[in-house]
Amino acid sequence: MFGSFRVSKTGTLRRLFAGAFISAFGTGMTLWLLLVYLHDIRGFTNAFGGFLLSYMAVVAIVLTGPSGWLIDRIGPKPVIIFGLFVEGSAVAAWSMVESKEQAILVGTLSAIGTLLIWPAQTVMITRSTDESDRQSAFAVNFMMLNLGIAFGGLIAATIIQEGNLRSFQTLYLVDSLSYFGYLLMVSTIKDKFQASEAESKKTGAGYREVIKDKTFMRIILGGLGYITFGYASLQAGLAIFTTQYLELSPKWLGLVFAANTISIFFLQGFMLRWLESVVDLVALRRVGYLWGLSWIIIGSASLASGVIAGVLVSLSQVAFAFGEMIWAPKAPSIVNRIAPEELRGRYNSVMAMNWNIAAIIGAALVGLMIGSGLYLEWLILMLIGSVLPITMFRSIPGLEVKERAIAEKAFDAGAKTVTHLYNGMKKDGGLVDLVLERDDVLFQMIVDDTHVSRDLVKKACDKAIDRLIITTDAVSAAGLGQGRHRLGDMEIEIRNGRAERLDGTLAGGIGTLARSLEILEEMGYAREKILPAVTTRPLKLINAHL
């Protein structure tokens, strides 16, 4: 159910994940409540609340450079310990804020604490895992974080009382204790999470090299769009939209965010399995579609009222969760794959800075648009902004080059084959071209006129037919003819020569090896040339003998 989470077996990672859960439990109690608290309890305007969020982001941006340098210089562990202490103290202080000056001071401390925690935590997870396990490690951490937020949100819903100062103060004090709990957990870990001695001596590189990395900067720019019109805008505006425009009780906020976080806990494993079979750029594009859908559902809530509106907002956060389950493990795993070890702190600090820049924009839009009563216009802008970054992830040549380098390293180490050539892959460049160029690599391809077009089959066969292995990807319905059939616990339908789920998604192959040979013969390839693709060559791959 929960996918490949073997990384959680290591003691260091278990403690990091447990710490993330503890701090997230407190965070879940106050998440996205700050503007409601400042407005409804302390009497500050929404405009000031938006300014405060933007100011906190500016503080974090200004200090991004020093924080990344500090992580690379002394290691992430002392940095995160100090950050947790500062953040825990700041969260407690929110409960006592009475003036704008106090709010600005506490906001400054909170910005510093958050800035130090997240990049340091990412570096700690990275240095505790092998490259092949990092995506899974980030997925587990994200899952535990959301489980904590879910529990915190549900408990907050039972504690919070509209207009009641003491109930809000209770939530902030518990949130403060959760950060100190995480601090104690990190303090018990013996690992110092330092770079290797050889890497730590490479002191000549700095932020100039980070900025010159075009692949990284392309990911940062696309991510900035996603985060601005995703996380940042939801954090700044969804609570206000829900309580002021939809006129729902603040209690709904705990339920709304619980729907999001519980979905992540139960579905992250399934999404991780999907991520393991999908190339990076395809996965990153899906984020925009899913987050755009979430804003459409939020917009539909404006056409309803009461419980129905609350349920729709909750469902929007389930849709948003699917995008999160892609972005949260995929983005940091890509960044830490391309980051040089001696610059890992700087790369992750720049990535964290993205959130702060997005927070400025998101808060400003909330202050300007929602503050002026332009609720529906704000929703339309959020939808457009969520899907625009998709174009940034159509192609990133540098990322494809790095993926090719990783594959070449794997082949040099002894990998001998690639399965399902062209499926979910960029049709030119990267892995495909590498496979067709290397004489020592066999490629498996589905030849059924469904999975791969004949043009692509011809391209591969003309270049390397002597390394082709035909595979069918056939499911249990193969050979059963038109109609509906069972595939495990799922119902599928064969129609127009395709096996499809009931929603039209391809469910696998229904072709046979004999039909694959016929297709290749129809394309002009001689039988004696293609027969080894289904006989001797597969045997050779598994070291079997006739």
Side-chain angles (χ1 to χ4, degrees), residues 16 19-20 22-24 26-27 29-35 37-38 48-97 99-125 145 172-173 175-187 193 207 210 227 231-232 235-236 332 344-364:
L16 288 176
I22 292 170
S23 67
T27 300
M29 290 188 151
T30 61
L31 185 65
W32 299 338
L33 276 178
L34 182 58
L35 291 183
Y37 169 65
L38 294 176
F48 175 76
F51 159 77
L52 184 61
L53 291 180
S54 297
Y55 165 77
M56 292 166 62
V58 170
V59 171
I61 291 170
V62 170
L63 296 177
T64 290
S67 71
W69 173 85
L70 195 62
I71 292 170
D72 287 330
R73 187 78 173 180
I74 68 174
K77 185 175 177 180
V79 173
I80 195 173
I81 287 175
F82 181 68
L84 288 166
F85 175 80
V86 172
E87 182 70 4
S89 301
V91 170
W94 280 123
S95 66
M96 297 178 283
V97 164
S99 67
K100 292 182 178 179
E101 292 77 14
Q102 291 175 346
I104 292 172
L105 175 60
V106 174
T108 302
L109 293 174
S110 183
I112 293 172
T114 301
L115 171 69
L116 295 176
I117 293 170
W118 292 109
Q121 180 191 63
T122 303
V123 174
M124 290 165 72
I125 293 174
L145 184 146
Y172 278 111
L173 291 174
D175 189 9
S176 172
L177 291 175
S178 73
Y179 281 100
F180 288 103
Y182 191 5
L183 189 156
L184 291 175
M185 190 67 67
V186 173
S187 299
F193 305 97
Y207 278 106
V210 176
I227 297 169
Y231 287 105
Q235 182 175 6
R344 202 170 293 284
R346 292 173 174 87
Y347 268 73
N348 283 286
S349 289
V350 172
M351 189 178 181
M353 184 177 68
N354 240 11
W355 293 77
N356 296 305
I357 296 174
I360 294 174
I361 302 172

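The structure displayed is predicted, hence computed values, not measured ones.
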Value rounded to 0.5 Å, distance of [atom1] in [X] from [atom2] in [Y]:
X: Thr122; Y: Asn348; atom1: OG1; atom2: CG; value: 5.0 Å
X: Phe193; Y: Lys77; atom1: CZ; atom2: NZ; value: 6.5 Å
X: Phe82; Y: Ile117; atom1: CZ; atom2: CD1; value: 11.0 Å
X: Tyr179; Y: Ile22; atom1: OH; atom2: CD1; value: 13.0 Å
X: Asn356; Y: Thr114; atom1: CG; atom2: OG1; value: 8.0 Å
X: Trp94; Y: Leu34; atom1: CH2; atom2: CG; value: 5.0 Å

Testing the basics here: between [X] and [Y], what is the closest heavy-atom pair and its distance to 0.1 Å?
X: Val123; Y: Pro76; result: CG1-CG, 3.9 Å
X: Ala111; Y: Met56; result: CB-O, 3.2 Å
X: Val79; Y: Leu116; result: CG1-O, 3.7 Å
X: Gln102; Y: Met96; result: OE1-O, 3.7 Å
X: Ala103; Y: Leu52; result: O-CD1, 3.7 Å
X: Thr64; Y: Val350; result: CG2-N, 4.1 Å

Would the distance check show the side chain of [X] and the main-chain N or O of [Y] forming a donor-acceptor pair, the cut-off being under 3.5 Å?
X: Tyr231; Y: Ala358; value: no
X: Ser110; Y: Val106; value: no
X: Ser176; Y: Gly88; value: yes
X: Asp72; Y: Arg346; value: yes

For this session: Just do the side chain to side chain contact (heavy atoms under 4.5 Å, CB included) check on Ser89 and Leu109 with the steps written out, would you?
Result: CA-CA 8 Å; Ser89 301; Leu109 293 174; 6.0 Å; no

Exercise. Does the pair Tyr55 and Val59 meet the rule for a side chain to side chain contact (heavy atoms under 4.5 Å, CB included), with working shown?
Worked result: CA-CA 6 Å; Tyr55 165 77; Val59 171; 3.6 Å; yes

Problem set entry | Parallel, tilted or perpendicular, as decided by the 30° and 60° cut-offs, for the rings of Phe85 and Phe180 |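 Perpendicular, since the angle between the ring planes exceeds 60°.
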
Could you check if a side-chain atom of [X] sits within less than 4.5 angstrom of a side-chain atom of [Y], using non-hydrogen atoms only?
X: Arg344; Y: Tyr347; answer: no
X: Leu16; Y: Gln121; answer: no
X: Ser349; Y: Tyr207; answer: yes

Exercise. For Ile112 and Thr108, what are the C-alpha separation, side-chain angles and deciding distance, and is it a side chain to side chain contact (heavy atoms under 4.5 Å, CB included)?
Worked result: CA-CA 6 Å; Ile112 293 172; Thr108 302; 4.2 Å; yes

For this session: In sequence, state the C-alpha distance, the side-chain angles, and the governing distance for Tyr37 and Thr30, and then conclude on side chain to side chain contact (heavy atoms under 4.5 Å, CB included).
Result: CA-CA 9 Å; Tyr37 169 65; Thr30 61; over 6 Å; no

Exercise. In terms of side-chain heavy atoms, does Tyr182 have a donor or acceptor partner in Glu87 at a distance below 3.5 Å?
Worked result: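 Tyr182 vs Glu87: no donor-acceptor pair found between side chains.
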
